Participant: 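Here it is, the structure in full.
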Protein chains: 2
Amino acid sequence: MKRNTWQREAVREALGESEAFVSAQALHARMREEGSPIGLATVYRTLAKLAEDGTADLLQQDGEQLYRACTPGTHHHHLICRRCGLTVEIEAKPVEAWARQVAAEHGFTEPSHVVDVFGLCAECAARAAG
Amino acid sequence: MKRNTWQREAVREALGESEAFVSAQALHARMREEGSPIGLATVYRTLAKLAEDGTADLLQQDGEQLYRACTPGTHHHHLICRRCGLTVEIEAKPVEAWARQVAAEHGFTEPSHVVDVFGLCAECAARAAG
DNA sequence: CGCCTTGTTGATAATGATTGTCAATCCGGT
DNA sequence: ACCGGATTGACAATCATTATCAACAAGGCG
Ligand SMILES: [Zn+2]
Ligand SMILES: [Zn+2]
Ligand SMILES: [Zn+2]
Ligand SMILES: [Zn+2]
């Protein structure tokens, strides 16, 4: 049976405050700074569950797992600023079809895919130029 | 100045023997089994360099870095069996353009992308069914 | 060929993220 | 309020990767 705890809700809320992907460590640190007594292991566990539920998105970077609150129930991808982490959810209609097709062409079944676009956001590009 | 060592060549060769992505740990273990006295740190260092050179491809999975020999000088992506690791290099022409476009639409510059397709290869699918 | 400079190696320690442990705690149905 | 089991959290344990640093060896030179 699944229970409702203030910890789960606290993680959900803290995650929602960030536009960018964050690590479990970073999220835990931020929550602590804001006075929450939540434990590190709980943050790890909760984020993993949220990702399973589809409530959060997971991104692997440099062997680190980064999470982000995402609009549930929708399949989408991300455009991420590699400098500041600013992230935008994007549709990838042409890619969905392409992925299915290329898998089928090679006799692969149950296809899934990982698609992320990185770049410099307008603000970071301006700052780098200035 | 860059020197030629038997270690570098040994890693290149061992990497080429595998159709699938392998971890530094796994590659080192395999090399040792085959009698090579190469050190673990060297395998890590060499794989990282090969990836920089574009001689090897890098894939992040479960917070693990996996490497694979790749045809140098070509931009391509991978279709990977999530059961046995069998990997096929694939072209993604439509995706290249799409990625550039979606980045531009949101004011992002210097776009790059991560695109991988996973699935069950024919052999693994058959084995799962039988 | 032998010497020297310096990039490279490898055993080991150190780091850092993540997971396991397990008793104490808390949720929620009765 | 009571009970059973899910959840928590401090801490230890694990796992991949990186840093150290003394010993080694590649290759240019005389
Ligand atoms: Zn930015
Ligand atoms: Zn998609
Ligand atoms: Zn397979
Ligand atoms: Zn591409």
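What's counted below: heavy atoms across the whole structure, side chains too, no hydrogens, waters or symmetry copies. Computed from a predicted model, the values in this text were never measured in an experiment. Throughout, a chain's letter reflects where its sequence line sits, starting with A, and its residues are numbered from 1.
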Participant: A:R100: what forms a salt bridge (Lys or Arg N to Asp or Glu O under 4.0 Å) with it, not counting sequence neighbours?
Facilitator: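 Expected list: none.
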Participant: Using the closest heavy atom to pick a nucleotide of DNA chain D for each, name whichever of B:G63 or A:V43 lands nearer the 5' end.
Facilitator: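 Going by which nucleotide is closer to the 5' end, it is A:V43.
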Participant: Check side-chain contact (heavy atoms from CB on, under 4.5 Å) between B:E17 and all other residues, then give those that pass, not counting sequence neighbours.
Facilitator: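 Listed in chain order: B:E13, B:R30, B:E34.
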Participant: Please report the end-to-end axis angle for the helix from C:dC1-D:dG30 to C:dT30-D:dA1, five pairs per end, rounded to 10 degrees.
Facilitator: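 If I round to tens, the end axes sit 30° apart.
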Participant: My understanding is that only residues two or more places apart in sequence, or in another chain, count here; which of them pass ring pair (Phe, Tyr, Trp, His ring centres under 6.0 Å) with A:Y44?
Facilitator: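 Once residues adjacent in sequence are excluded, A:Y44 has no partner under the ring pair (Phe, Tyr, Trp, His ring centres under 6.0 Å) criterion.
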Participant: Who are the side-chain contact (heavy atoms from CB on, under 4.5 Å) partners of B:S36, not counting sequence neighbours?
Facilitator: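 Counting only residues at least two positions away or on another chain, B:S36 forms a side-chain contact (heavy atoms from CB on, under 4.5 Å) with B:W6, B:M31, B:I38.
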Participant: Could you check B:K2 against B:A24 and say which one's nearest nucleotide on DNA chain D is further toward the 5' end?
Facilitator: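 Here B:A24 is the residue nearer the 5' end.
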Participant: Taking any atom under 4.0 angstrom from a heavy atom of chain A, which nucleotides of DNA chain C are the first and last to qualify, 5' to 3'?
Facilitator: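 It runs C:dA17 to C:dG28.
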Participant: With a 3.5 Å distance limit and no angle check, can you tell me whether B:H28 reaches the backbone of B:A26 through a side-chain donor-acceptor pair?
Facilitator: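 Side chain of B:H28 to backbone of B:A26, a donor-acceptor pair under 3.5 Å: no, none is there.
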Participant: Identify all pairs in which a protein N or O lies below 3.5 Å from an N or O of nucleotides 18-26 of chain D, and state each distance.
Facilitator:
unit_1 : atom_1 : unit_2 : atom_2 : d
D:dA26 : N3     : B:R3   : NH2    : 3.4

Participant: Determine whether a donor-acceptor pair (N or O, by modelled atom type, separation under 3.5 Å) exists between the side chain of B:R82 and the backbone of A:E110.
Facilitator: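 Judged by distance alone, yes, a pair lies under 3.5 Å.
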Participant: Other than B:F108, which residues form its hydrophobic cluster under the rule that side-chain heavy atoms must be closer than 4.5 Å?
Facilitator: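 Grouped by the 4.5 Å side-chain rule, A:L79, A:L86, A:V88, A:I90, A:V95, A:W98, A:V102, A:F108, A:V115, A:V117, B:L79, B:L86, B:V88, B:I90, B:V95, B:W98, B:V102, B:V115, B:V117 form the rest of the cluster around B:F108.
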Participant: Can you list everything that forms a side-chain contact (heavy atoms from CB on, under 4.5 Å) with A:E9? Sequence neighbours excluded, please.
Facilitator: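 A:E9 satisfies side-chain contact (heavy atoms from CB on, under 4.5 Å) with A:R12 only.
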Participant: I would like to know whether A:H77 and B:H113 meet ring-ring contact (aromatic ring centres under 6.0 Å, His included); could you show each step before the answer?
Facilitator: CA-CA 11 Å; A:H77 297 275; B:H113 55 266; over 10 Å; no
Participant: Near DNA chain C, which residues from residues 26-34 of chain A have a heavy atom under 4.0 Å away?
Facilitator: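 Going residue by residue through residues 26-34 of chain A, none turns out to have a heavy atom under 4.0 Å of DNA chain C.
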Participant: Taking 4.0 angstrom as the limit, do B:E19 and B:R68 come out as a salt bridge?
Facilitator: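 Counted as a salt bridge, because a side-chain N and a carboxylate O are separated by less than 4.0 Å.
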Participant: NA contact type, B:Q25, heavy-atom cut-off 4.0 Å: base, sugar-phosphate, or nothing?
Facilitator: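 Answer is base: heavy atoms of B:Q25 come under 4.0 Å of a base.
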Participant: Using salt bridge (Lys or Arg N to Asp or Glu O under 4.0 Å) as the criterion, list what pairs up with B:R8, not counting sequence neighbours.
Facilitator: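 Scan of B:R8 (salt bridge (Lys or Arg N to Asp or Glu O under 4.0 Å), adjacent residues dropped) gives none.
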Participant: State which residues pass ring pair (Phe, Tyr, Trp, His ring centres under 6.0 Å) with B:H106; sequence neighbours excluded, sorted by chain then number.
Facilitator: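 Listed in chain order: nothing, the list is empty.
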Participant: Can you tell me how far CD of B:Q60 sits from CG of A:D62, rounded to the nearest 0.5 angstrom?
Facilitator: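 Taking CG in A:D62 and CD in B:Q60, the distance rounds to 6.0 Å.
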